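What follows is a set of notes on a single structure, which appears directly below.
Both counts, for ligands and for their atoms, begin at 1 and track the order of listing. Fair warning: this is a prediction, and the values are worked out from it, not measured in the lab. Position 1 is the first residue of the sequence; numbering continues from there.
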Amino acid sequence: MSQLRLRFLSILLLYCIFFTSSFLMINALTCRPDQIQALLHFKNEFESDGCNRSDYFNGVMCDNTTGVITKLQLPTGCFTGILKPNSSLFGFHQLRYLNLSHNNFTSSSLPSEFSNLNRLEVLSLGSNGFTGQVPTSISNLILLTHLNLSHNELTGSFPLVRNLTKLSFLDLSYNQLSGTIPSDLLLTLPFLSYLNLKKNQLTGPIEVPNSSSARLVYLSLGYNKFEGQILKPISKLINLKHLDLSYLNIRYLIDLSIFFPLKSLLILDLSRNRILPASLSSDSDITPSLENLVLVRCDISEFPNILKTLQNLKHIDISSNIIKGKVPEWFWKLPHLSIVNLVNNSFTGFEGSSEVLLNSSVQLLDFAYNSMTGPFPIPPLNSIYLSAWNNSFTGNIPLSICNRSSLTVLDLSYNNFTGPIPKCLSNLKVVNLRKNSLEGSIPDELYSGASTQTLDVGYNRLTGKLPRSLLNCSFLKFLSVDNNRIEDTFPFWLKALPNLQVFTLRSNRFFGSLSPPDQGLLAFPNLRILELSDNSFTGSLPPSFFVSWKASSLKINEDGRMYMGDYKNAYYTYEDTLDLQYKGLFMEQGKVLTSYSTIDFSGNKLEGQIPESIGLLKELIALNLSNNAFTGHIPLSLANLTELESLDLSRNQLSGNIPRELGSLSFLAYISVAHNQLKGEIPQGPQFSGQAESSFEGNVGLCGLPLQGSCFVQPTQQHKEEDEEEEEDQVLSWKAVVIGYWPGLLFGLVLAHVIASYKPEWFGKIVGPDKHKQVDPVRLFMTLDSRWDSFNNKNSVEQTKK
Ligand SMILES: *[C@@H]1O[C@H](CO)[C@@H](O)[C@H](O)[C@H]1NC(C)=O
Ligand SMILES: *[C@@H]1O[C@H](CO)[C@@H](O)[C@H](O)[C@H]1NC(C)=O
Ligand SMILES: *[C@@H]1O[C@H](CO)[C@@H](O)[C@H](O)[C@H]1NC(C)=O
Ligand SMILES: *[C@@H]1O[C@H](CO)[C@@H](O)[C@H](O)[C@H]1NC(C)=O
Ligand SMILES: *[C@@H]1O[C@H](CO)[C@@H](O)[C@H](O)[C@H]1NC(C)=O
Ligand SMILES: *[C@@H]1O[C@H](CO)[C@@H](O)[C@H](O)[C@H]1NC(C)=O
Ligand SMILES: *[C@@H]1O[C@H](CO)[C@@H](O)[C@H](O)[C@H]1NC(C)=O
Ligand SMILES: *[C@@H]1O[C@H](CO)[C@@H](O)[C@H](O)[C@H]1NC(C)=O
Ligand SMILES: *[C@@H]1O[C@H](CO)[C@@H](O)[C@H](O)[C@H]1NC(C)=O
Ligand SMILES: *[C@@H]1O[C@H](CO)[C@@H](O)[C@H](O)[C@H]1NC(C)=O
Ligand SMILES: *[C@@H]1O[C@H](CO)[C@@H](O)[C@H](O)[C@H]1NC(C)=O
Ligand SMILES: *[C@@H]1O[C@H](CO)[C@@H](O)[C@H](O)[C@H]1NC(C)=O
């Protein structure tokens, strides 16, 4: 017995030495063995598959004389599980710094034992899924200077922080705290400089003591339920630099002059409030220091003249207002203007000559979704990001874009541009010229080392061949030339592009065989979406056709999503758009492409057997081979496509039975095998019997549900559901579906409700886990995220937004 025990101890010792020597080289070198043991205990209280052990110990620091742990910072995503009151964590009495943020303590409440750690100076528990009330014992942590409880699900009243007199930093944002803010908060926390209460359910009033405590530099009260007068007190906080009052619940108009006393203010966000019009048109000095002004959705109807006085303005966001007329000429003369967001107003154009923007300091300029007409203005010299999608500009795309060396993103989609595509696309990362009336061929001038990642020239009148110089664009991820008049053979040569993920050729005049020359493999290394429909491809596909389509059979990211052409830098985000034809449903897919892999070869003249190797594309979500001349049987291997949600084999010459095994494809929401020569019984099971009758019509030999005639001689029963189903199908087929992002509302993934109400799982797949993602409008303002596919249904975007 005792020998065993000894052995156990020595193993433990070895274990400690192992950890000490290999992982605790620097920081934790001075830690006492019992402390390390306690740390291991702590780790074992949780599921820690996400943990990198060396990172775990890297975040540990011990006092170099006593050897006790004084600092603990978990790597993000390390722990999952419940933080229990008897956790070994609460034995680390000497902790001064504790950062557990970005882990998963879902449904743990905050144990009151945190009060044991009364040496703490920094406590950061953000983004952890903590629930319930903040224990009152938190008020024992009187040495705290930094407390971050944000992005949890904390409820109840404002935490008891009165005694935390050293606090300078308090972040309680993104919780569900309710009730009032303690009236003496600022009096009792004299050192407080950062206070973030955004996205709670707090109510007013707010009191600011007359004299003191004007140390507050950052204040965010956005998205709460404040009523009554809160602005007056705030105007006493004369050291404020950053003030977020977006989405207040106040009913009166905000008079901007209330902020005049805030001479240090740099950032002001008043989005979703109504502003007193007179205070917007005044030309008095509000606060000359202001650099960043966000007035999204403020019902502003006139261009705010007050901007004229803001000579330090760098970033302005007045998107989603109702401003009419032309953008005034003086605006572009503001000396520091850098980011301008005018999206979703009713602007008709620009005052001044076509060169009015030329000398402006603007770098990121977005005036998408307005009513601008006429020729496009000459872009600012320093343009980096230029977006004007969804206006009615006419004439040629200005050649001056070709000598804007910083230009990275050019989005002129959904306008009425005519003439040729400029020959300088290589410089740009993103070129979106979709839905214009451009003519000629795609310029064959892409130079070696071109930075192009997205090229979308769909829905124009382009002719000629695909330019061979596309081969120079080794970064190309997204290539869309659909709905043009391009006449070419299938570009097998594009397989040399290592990053190509989306490639759509739909509705052109491509012809010839899809079968790779000299029996080679059609090996695109990263292709996920290939759309060839409505061309004139001929011939048969060899059985091995899909063998080397690696990407489509790849496991997709953990979060189930794949971001396409998603270009982020400090200032902007751009995400690609793609139309997908799916379930007889034409989707304009805005911004986010989720994990799907789809193959659409419909509307060609393909013949022969469907290659059995299709069964290798295990991640395939949609397969459309309709309207061809495929013969032979439905391949049994389709039963291996377990993610398949949409399968269209209609209008071919397929024969034989529908393989019974297809009944096991549990995600299948849409099937059509109509107009073939199939026979026998339709496989039974919910996936098949739930389909419309029309999915099976035109096959003389088929029988069984949902077709009316049973396979056996029996009285038939008409199902009511079928009628409904059919009706629903029709509705779906004419509603185009749009999914979009909107500045400040990344969770505004929308309009897919058409699908959602039809098939919830499907919606889940499209929108993915990100639908809950929330983004700080101020930060978003900087990212100028602005694409939105709305040409179809402007209003329902608003309705379906969360
Ligand atoms: C753990 O983190 C270290 C340093 O951060 C890194 O070098 C190592 O590759 C990581 N190990 C794993 C398995 O991620
Ligand atoms: C212990 O750490 C302190 C500060 O971290 C440092 O000033 C001191 O020199 C260290 N003492 C020893 C013995 O390493
Ligand atoms: C904490 O208490 C639970 C019971 O609530 C028990 O199962 C667990 O072993 C205890 N953990 C520690 C570290 O003492
Ligand atoms: C806490 O840890 C997170 C993630 O490791 C880090 O981003 C954050 O800056 C840390 N917070 C503090 C206050 O150090
Ligand atoms: C957190 O853990 C719970 C329970 O294990 C799990 O259901 C959930 O998906 C996890 N959340 C995240 C963001 O990892
Ligand atoms: C507080 O923590 C959250 C979640 O980890 C983080 O997003 C936020 O930036 C932190 N607040 C500050 C001001 O560091
Ligand atoms: C705050 O501190 C005072 C005196 O130190 C003490 O009497 C009081 O109970 C404390 N309040 C809370 C809420 O802990
Ligand atoms: C604060 O000052 C204003 C005038 O500056 C005065 O009317 C008010 O009574 C003062 N409030 C307090 C609490 O002293
Ligand atoms: C465009 O602006 C109008 C007016 O503020 C608003 O109602 C609408 O929801 C906005 N559209 C989007 C997509 O935000
Ligand atoms: C732009 O600046 C250049 C050089 O400073 C000047 O010659 C030109 O007239 C300016 N153009 C406009 C439209 O202001
Ligand atoms: C732009 O083109 C569309 C479709 O071709 C047309 O309906 C519209 O009238 C045009 N607008 C202008 C301003 O030319
Ligand atoms: C389905 O896949 C399994 C293994 O992944 C394979 O053994 C089987 O032959 C496949 N079935 C068909 C019909 O291709």
Numbered atoms of ligand 10 (with element) below 4.0 Å of E355, judged on heavy atoms | 13 (C)

Which ligand 5 atoms, with their elements, are less than 4.0 angstrom from a heavy-atom of T80?
->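 By the 4.0 Å cutoff, the relevant atoms are 2 (O), 5 (O).
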
Please could you name the atoms of ligand 5 that T106 approaches to less than 4.0 Å, counting only its heavy atoms?
-> 1 (C)

Heavy-atom proximity to atom 3 (C) of ligand 4, best of C78, P75, S101, S124 =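 Selected option, by shortest heavy-atom distance: S101.
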
Any idea which of N99, D171, L100, N148 brings a heavy atom closest to atom 11 (N) of ligand 4?
->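 Answer by nearest heavy atom: N99.
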
Between F114 and F90, does the ring centroid distance fall short of 6.0 Å?
->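 F114 vs F90: aromatic centres under 6.0 Å.
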
4.5 Å side-chain heavy-atom contact, L197 and L195 |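 They are in side-chain contact.
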
Contact check, side chains of Y218 and D244, non-hydrogen atoms, under 4.5 Å | no

Interatomic distance, T394 atom OG1 to N415 atom CG [nearest 0.5 angstrom] |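 It is 9.0 Å, given to the nearest 0.5 Å.
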
[atom]: which protein heavy atom is closest, and how many Å away?
atom                     : answer
atom 12 (C) of ligand 10 : N359 ND2, 3.3 Å
atom 9 (O) of ligand 5   : N104 ND2, 4.7 Å
atom 5 (O) of ligand 4   : Q73 NE2, 3.3 Å
atom 4 (C) of ligand 4   : T76 CG2, 3.4 Å

Under 3.5 Å, side chain of N152 to main-chain N/O of S150, donor-acceptor pair present?
-> yes

With a cut-off of 4.0 Å, which atoms of ligand 4 are near a heavy atom of H146?
->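 In order of number, 13 (C).
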
Residue part near ligand 4, for Y97, under 4.0 Å between non-hydrogen atoms | side chain

Find out whether the Lys NZ or Arg CZ of K198 is both under 6.0 angstrom from the six-membered ring centre of Y223 and within 45° of the ring's axis.
-> no

May I ask you to establish whether K71 and Y97 are in a cation-pi arrangement, using a distance under 6.0 Å from NZ or CZ to the six-membered ring centre and at most 45° from the ring axis?
->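 Yes, K71 sits over the ring of Y97.
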
Within residues 67-105 or reaching into it, pairs that qualify as disulfide (SG to SG under 2.5 Å) - sequence neighbours excluded |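 Sorted pair list: C51-C78.
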
Does atom 7 (O) of ligand 5 have a protein heavy-atom neighbour under 4.0 Å away?
->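 Protein heavy atom within 4.0 Å of atom 7 (O) of ligand 5: absent.
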
